[in-house]
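Only one structure is covered here, and it is reproduced in the block below.
Chain identifiers are assigned alphabetically (A, B, ...) following the order of the sequence lines, protein sequences preceding nucleic acid strands; residue numbering begins at 1 within each chain.
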Protein chains: 2
Amino acid sequence: MLIGQLADALGIPTRTVRFYERKGLLPDPERAENGYRVYDDTTLARLRFIRTAQAAGLTLAEIASVIGVRDDGTAPCSHVDSLLEAKLAEVRQRRRQLAALEAELSELLERSRQLDPADCTAGEICHIFTPTETVPS
Amino acid sequence: MLIGQLADALGIPTRTVRFYERKGLLPDPERAENGYRVYDDTTLARLRFIRTAQAAGLTLAEIASVIGVRDDGTAPCSHVDSLLEAKLAEVRQRRRQLAALEAELSELLERSRQLDPADCTAGEICHIFTPTETVPS
DNA sequence: GTAAACCTTCTTCTACAGGAGAAGGTCAAG
DNA sequence: CTTGACCTTCTCCTGTAGAAGAAGGTTTAC
């Protein structure tokens, strides 16, 4: 199997396969006499693994570390487990941040609806962002 | 006011002030005889505006566009409004994606708990990511 | 025998918001 | 008069996952 066929089998560009190779996610492949990369099904499986792990939010560096553990002859399960735990915590935190941002945006939009552009001054740049003044007694 | 004092007033590095200047977010400042940048309070206000807009998730390029409209003599309110609408839509979509990712991660972690690392084979790299086979009849 | 469709390596670019270092000028205090 | 704290410009680096182009060799099909 040549690189184009491998790439087509997964619907990814050939560039990406070479990129993964340089990142250490794929082993240096066999070469035909003309220098072309030659692959077998194990590479296909490895690429599928990479894509699945990516779908779980792992970065290529993290996936490379998992592959590294496996290549050391160790089952990377516990490593994967901790990566997933960390990722889950990250995702939850990010979700919280985005929830706050969504609330902030809604508030700004609501304010926008109640403001008249004619009242917007150059000094403020745009009064939608001007903090609502809590009028003191 | 020199750049260090301006930066300290907002708790940002002086580098950042120069960076904003080069990005067109701040006007070219006055210079003292020795070449030092000299600022007044309008720059302080502009920096506060930038920080507020950033907190709302706008990119520096978007903020620059808002400032550009204002510098054209137009109230940028409607422009800001559409930016905020777009940002809100983005945030909502991203939240949905993250919710799906969180579910996926939870599922993988649950699977991890039920699998024995001793069953993990080299071909799979890690069986936590191996799609659960729906056994056909 | 040539054109299309492959393949090779190399380097540079993208978005994003700065961070970091080099190499040097200026100013106030001791 | 020197030390330390400022200030200046310049250029490159960070992480992420590729995309893009240059410039060339190879193979297949007609």
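A donor-acceptor contact under 3.5 angstrom links the side chains of Thr42(B) and Asp40(B), judged on distance only. Counted by atom type alone, Arg94(A) and Gln97(A) present one or more donor-acceptor pairs between their side chains at under 3.5 Å.
What separates CZ of Arg15(A) from P of dC7(C) is a distance of 12 Å, to the nearest Å. The separation between Phe19(A) atom CZ and dT14(C) atom P is 17 Å, rounded to whole Å. Glu33(B) has its CD atom 9 Å from the P atom of dC27(C), to the nearest Å. Note: CG (Leu60(B)) to P (dG19(C)) measures 11 Å, nearest angstrom. Summarising the geometry, the separation between OH on Tyr20(B) and P on dA17(C) is reported as 8 Å, rounded to the nearest angstrom. When the C1' atom of dA15(C) is taken as reference, atom CG of Leu58(B) falls 16 Å away, rounded to whole Å.
With a heavy-atom cut-off of 4.0 Å to chain A, the contacted part of DNA chain D has its first and last nucleotide at dA17(D) to dT27(D).
Partners of Arg51(A) by side chain to side chain contact (heavy atoms under 4.5 Å, CB included), not counting sequence neighbours, listed by chain and number: Ile12(A), Thr16(A), Tyr20(A), Gln54(A).
Under the 4.5 Å side-chain contact rule for hydrophobic residues, Tyr39(A) and Tyr36(A) do not share a cluster.
The residue among Arg51(B) and Tyr36(B) whose nearest nucleotide of DNA chain C lies closer to the 5′ end is Arg51(B).
Put simply, Gln5(A) has no side-chain N or O that comes within less than 4.0 Å of OP1 or OP2 on dA5(C). Here Arg18(B) does not reach the OP1 or OP2 of dG19(C): none of its side-chain N or O atoms lies under 4.0 Å away.
For the pair Arg37(B)/Arg31(B), a side-chain contact is recorded, criterion being any heavy-atom separation below 4.5 Å from C-beta on.
Using a 4.0 Å cut-off between charged side-chain N and carboxylate O, Arg113(B) and Glu110(B) make a salt bridge. Ion pair Arg111(A)/Asp119(A) not flagged as a salt bridge, since none of the NZ, NE, NH1 or NH2 atoms sits closer than 4.0 Å to an Asp/Glu carboxylate oxygen.
For Asn34(B), taking side-chain heavy atoms from C-beta onward, the closest of the listed nucleotides dG18(C), dC7(C), dT26(C) is dT26(C).
At a threshold of 4.0 angstrom between heavy atoms, the contacts of Arg37(B) are confined to the sugar-phosphate backbone, with no base atom among them. Contacts of Arg22(A) with the nucleic acid, taken as non-hydrogen atoms under 4.0 Å apart, are absent.
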